Engineer: 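Before we start, here is the structure in question, set down as structure tokens.
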Amino acid sequence: MFTELLAVLVIAILSWAYNFIKPPASSVCGSPGGPPITSSRIKLKDGRHLAYRESGVPKQKAKYKIVLVHGFNCSKGEPGDDPLGSQELAEELGICFVSFDRAGYGESDPNPKRTVKSESMDVDELAEQLELGPKFYVIGGSMGAYTAYSCLKYIPHRLLGVALVVPAVNYWWPSLPDNLAKSMLKKLDIGDRMAFWVAHNFPILFHVWMKQKFFKPSPTMTGQWSVETSSESDLEIMEQKINSPAHRSDEYKRKTTQQGVYESLYRDVMVVFSNWEFDPMQIENPFPNNEGSVHLWAGREDRICQVEIQRYVAKMLPWIKYHENPHGGHLFCAIGDWNDRIIKALLLGEDPEYM
Ligand SMILES: *[C@@H]1O[C@H](CO)[C@@H](O)[C@H](O)[C@H]1NC(C)=O
């Protein structure tokens with residue numbers, strides 16, 4: 001009798017624990033009750049779909065093909081949304097932009113096996129199926145830069161050039177000196193610091209952490225930009241973006257995390273702060289004969305991807321062309337013609353002036 005009771009108790013506790021830890025289900029596009037599929041998609045080898053969008057000039061006519069990798073809480077955009085560079089520049093230089101929803105975002109199927117490596121495999125297959133040719137350019141912004149680092153590591157033979165724009169940093173990169181990582185972590189808001197720590201050490205419990213109400217929530221993970229977490233210039237840009245209806249359509253905002261925040265936002269944070277399959281500071285120069293270039297763009301006032309770490313990465317990878325905007329924060333590219341300047345530096349080697 002006692003043994004049976006104990007067994008029942010153990011099973012009850014285990015199933016409660018299982019339900020507690022089990023990640024929330026996603027509402028997958030095209031599944032019964034899930035959001036509709038409205039974008040062009042390719043089917044990957046593992047059966048997942050990847051939604052993409054082409055803009056700029058048609059790829060048959062394009063001289064340059066650039067794969068754009070979006071950041072945290074963003075997506076490939078909708079027809080009519082601003083592409084990364086201006087349409088004028090695309091026409092002037094002959095650029096076809098290919099953007100895609102990273103796994104779990106927008107209309108791309110979630111990838112519960114998502115890793116830093118799997119992201120570059122997705123880019124490789126996308127370029128293959130869209131027939132972008134043997135080589136192409138990659139621009140990865142913010143969180144999307146981990147995909148770009150992954151491309152540098154795993155598919156350097158397919159690259160003509162790469163721009164890492166205010167790239168995401170991982171405080172647990174092996175080559176990052178302990179004292180630098182610690183001092184940069186200390187500069188973060190306590191809510192972010194705790195959430196990132198959980199994402200790194202106990203990713204399986206990350207969504208449980210995001211639900212808890214005892215400790216301060218992570219401002220980054222909840223979209224709470226404030227003077228505690230952002231530079232003045234970033235807050236001003238946020239204000240302008242919110243007030244400018246043209247920048248992003250409502251459709252874009254609605255669709256970004258329509259399949260659930262777990263496989264989009266949470267998975268992103270779990271992957272970026274995981275133990276990567278490689279150390280980015282050990283990546284070999286993909287262009288030993290200068291046949292292409294790799295750029296890293298940093299904003300000195302960036303309080304999300306701190307400039308001290310970007311400088312260290314640039315020092316460790318001397319083949320990277322390092323650009324630092326002395327007046328910019330994390331969002332400096334969102335205003336003026338910064339995107340065009342970044343593209344021109346990548347394609348034509350033009351160095352911009354800092355005003
Ligand atoms: C994501 O973007 C939406 C719409 O722009 C916003 O309402 C939300 O707060 C953002 N979430 C995060 C975590 O930044």
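The figures here come from the full heavy-atom set of this structure, side chains too, leaving out hydrogens, waters and symmetry mates. Positions are given from 1 along the sequence. All of these numbers come straight from a predicted model, not from anything done at the bench. Ligands are counted one by one from 1 in listed order, and the atoms in each one are counted from 1 as well.
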Engineer: Under 3.5 Å, which donor-acceptor pairs link side chains of residues 1-13 to any protein atom two or more places apart or in another chain?
Structural biologist:
residue: Glu4; atom: OE1; partner: Met1; partner atom: N; Å: 3.0

Engineer: Among residues at least two apart in sequence or on other chains, which ones pass side-chain contact (heavy atoms from CB on, under 4.5 Å) with Ser175?
Structural biologist: Asp279, Met281, Gln282, Met316

Engineer: Can you see whether His70 engages Ser99 through a side-chain donor-acceptor pair at a distance of less than 3.5 angstrom?
Structural biologist: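 There is no such pair between these side chains.
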
Engineer: Using a heavy-atom cut-off of under 4.0 Å, does the side chain or the backbone of Thr257 touch ligand 1, or both, or neither?
Structural biologist: neither

Engineer: Quick one: do Asp46 and Lys113 make a salt bridge, cutoff under 4.0 Å?
Structural biologist: no

Engineer: Find all atoms of ligand 1 within a distance of less than 4.0 Å from any non-hydrogen atom belonging to Met221, and give their numbers and elements.
Structural biologist: 13 (C)

Engineer: Touching ligand 1 at all, Thr220? Heavy atoms, strictly under 4.0 Å?
Structural biologist: yes

